[in-house]
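The block underneath contains the structure these notes are about, expressed in structure tokens.
Excluded from the calculations below are hydrogen atoms, water molecules and symmetry mates; all remaining heavy atoms, backbone and side chain alike, are included. Starting from 1, each residue takes its place in the sequence as its number.
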Amino acid sequence: QAQLVSSGGGSVQAGGSLSLSCERPPLPARTDCMAWFRRTPGKEREGIALHDFSGKVSWFAESVKGRFPISQDGVGNTVNLHMTSLRPEDTATYYCAATWGTNCASYNLRPSNYGFWGRGTQVTVSL
């Protein structure tokens, strides 16, 4: 799997905020969207957010909807996941990933459909 450059994460108390950033792969790699997954011990990676680089489509899991908005820089090379109102159950290792074409549909949001991955970033939310 090709590597994405990612940053952010850390530790915060419940109710606080953290941001994760991820860079779009440079050309000639074709990518049409970026997604965020998270994994807790003993569980599979869960897709929580999806962002189309055209800016027209975003999707969020119910567990984060309204709390984790996504922004994209003006050039379109960096996508940010702004995690607000964090809860202890948001504690996980977070991954950004990118793919293209029909893989970008929300019903195709699963790790096997993504060929570009960032390194996992730990987010810890304490009471």
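Residue-environment remark: CD (Gln122) exceeds the threshold of 12 foreign heavy atoms within 6.0 Å. Within a 6.0 Å sphere centred on CD of Glu44, other residues, nucleotides and ligands contribute 12 heavy atoms or fewer.
Among all heavy-atom pairs drawn from Thr91 and Thr40, the shortest one is O-CG2, 3.2 Å. The two residues Gly9 and Leu20 come nearest to each other via the heavy atoms N-CD2, 3.2 Å. Closest approach of Phe53 to Val79, counting heavy atoms only: CE2-CG2, 3.6 Å. Annotation for Val64 and Ile48: closest pair CG2-O, 3.4 Å, computed over non-hydrogen atoms. The two residues Ala49 and Leu81 make their nearest non-hydrogen contact at CB-CD1, 4.2 Å. Taking every heavy atom of both residues into account, Pro88 and Leu127 meet most closely at CG-CD2, 3.5 Å.
Remark: the backbone N or O of Thr102 is paired with a side-chain donor or acceptor of Asn108 at under 3.5 angstrom. Proximity of a side-chain donor or acceptor of Arg67 to a complementary backbone N or O of Ser85 within less than 3.5 Å is detected. Side-chain atoms of Ser58 do not come within 3.5 Å of backbone N or O of His51 as any donor-acceptor pair. Checked by atom type and distance alone, the side chain of Arg24 pairs as donor or acceptor with a backbone atom of Thr31 at under 3.5 Å. Counting only distance, with no hydrogens or angles, the side chain of Gln72 and the backbone of Asn77 share no donor-acceptor pair below 3.5 Å.
At a cut-off of 3.5 Å, with distance as the only test, a side-chain donor of Asn80 or Ser21 sits close to an acceptor on the other residue. Using modelled atom types, one finds a donor on one side chain and an acceptor on the other under 3.5 Å when comparing His82 with Ser71.
The CG atom of Leu109 sits 12.5 Å away from the CZ atom of Arg45 when rounded to the nearest 0.5 Å. To the nearest 0.5 angstrom, Leu50 atom CG is 7.5 Å from Trp59 atom CH2. In this structure, CD1 in Ile70 is found 9.5 Å from CE in Met34, a value given to the nearest 0.5 Å. Between the CD atom in Glu23 and the CZ atom in Phe116 there is a gap of 14.0 Å [rounded to 0.5 Å].
Relative orientation of the Trp117 and Tyr95 rings is perpendicular, given thresholds of 30° and 60° on the angle between their planes. Between Phe37 and Tyr114, the ring planes lie perpendicular to each other; the angle is over 60°, past the 30° to 60° tilted range.
Looking at Leu4 and Pro25, their side chains come closer than 4.5 Å, going by heavy atoms from C-beta outward.
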Test side-chain contact (heavy atoms from CB on, under 4.5 Å) applied to Thr121 and Arg119, step by step: CA-CA 6 Å; Thr121 299; Arg119 294 173 60 185; 5.8 Å; no
Given the rule in the side-chain contact (heavy atoms from CB on, under 4.5 Å) test, do Asp90 and Arg38 qualify, once you have shown the distances and angles that lead to the verdict? CA-CA 9 Å; Asp90 294 318; Arg38 67 185 182 186; 3.0 Å; yes
